[in-house]
Amino acid sequence: LLALTAFICIETIMECSPCEGLYFFEFVSCSALVVTGALLLLFSLNLHTRIPQINWNLTDLVNTGLSTFFFFIASVVLAALNHKTGAEIAAVVFGFLAMAVYAVNTFVAVQKWWLSSRQPSSRQSSDYMRARTESREVVHRPEIQRLDA
């Protein structure tokens, strides 16, 4: 939401003389919004479970880390080149807020990735236990019991 708000603020600016900082901030906020939104949709609908070949914890870590870095750079550049209009100041504030939230999410993603990388065989052992449990379950069918009698 903060990336969306920063993007809306930057889009309301009508005039700029050095526009490079503004364009870079616009690109960063839009890109972060689209990529994070796509990952949020994948995780919310559990579609990530259909593609087990991708390390989703690492993907989330890379996304949040890059978004943190680029929001920091874009916000600093826009703060240095702004013309003190209300929309530019608001975009800088929301850019730094978005960077802070992405930084917290990066910290959480690092911890999650670290824990998942330390337990590489947990999925394999859980699959083994599930298959072993299923093989021990006996389905009681009356027709088989009548043949035995």
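- Atom-to-atom distance recorded for Phe43:CZ and Thr59:OG1 is 7.0 Å, nearest 0.5 angstrom.
- Between Val92 and Phe96 the shortest side-chain heavy-atom distance falls below 4.5 Å.
- For Ser75 (side chain) and Phe72 (main-chain N/O), no donor-acceptor pair under 3.5 Å exists by modelled atom type.
- Among all heavy-atom pairs drawn from Ala32 and Tyr102, the shortest one is O-OH, 3.5 Å.
- Nearest approach of Val28 to Phe71, heavy atoms of both residues: CG1-N, 3.8 Å.
- Evaluated for a side-chain contact (heavy atoms from CB on, under 4.5 Å) with Leu42, the options Ile51, Leu47, Ile54 yield exactly one hit, Leu47.
- Checked by atom type and distance alone, the side chain of Thr64 pairs as donor or acceptor with a backbone atom of Leu61 at under 3.5 Å.
- We find the OG1-CG distance between Thr36 and Leu41 to be 12.5 Å, quoted to the nearest 0.5 Å.
- Between Leu78 and Glu88, the shortest heavy-atom distance links the atoms CD2-O, 4.3 Å.
- Within the 4.5 Å cutoff, the side chain of Phe27 has no heavy atoms near those of the Phe70 side chain.
- Here the closest non-hydrogen pair linking Met99 and Thr68 is CG-O, 3.4 Å.
- Heavy atoms of other residues, nucleotides or ligands lying less than 6.0 angstrom from CG of Leu45 number more than 12.
- Side chains of Trp56 and Thr49 form no contact here, defined as non-hydrogen atoms less than 4.5 Å apart.
- A distance of 12.0 Å separates CZ of Phe25 from SG of Cys30, quoted to the nearest 0.5 Å.
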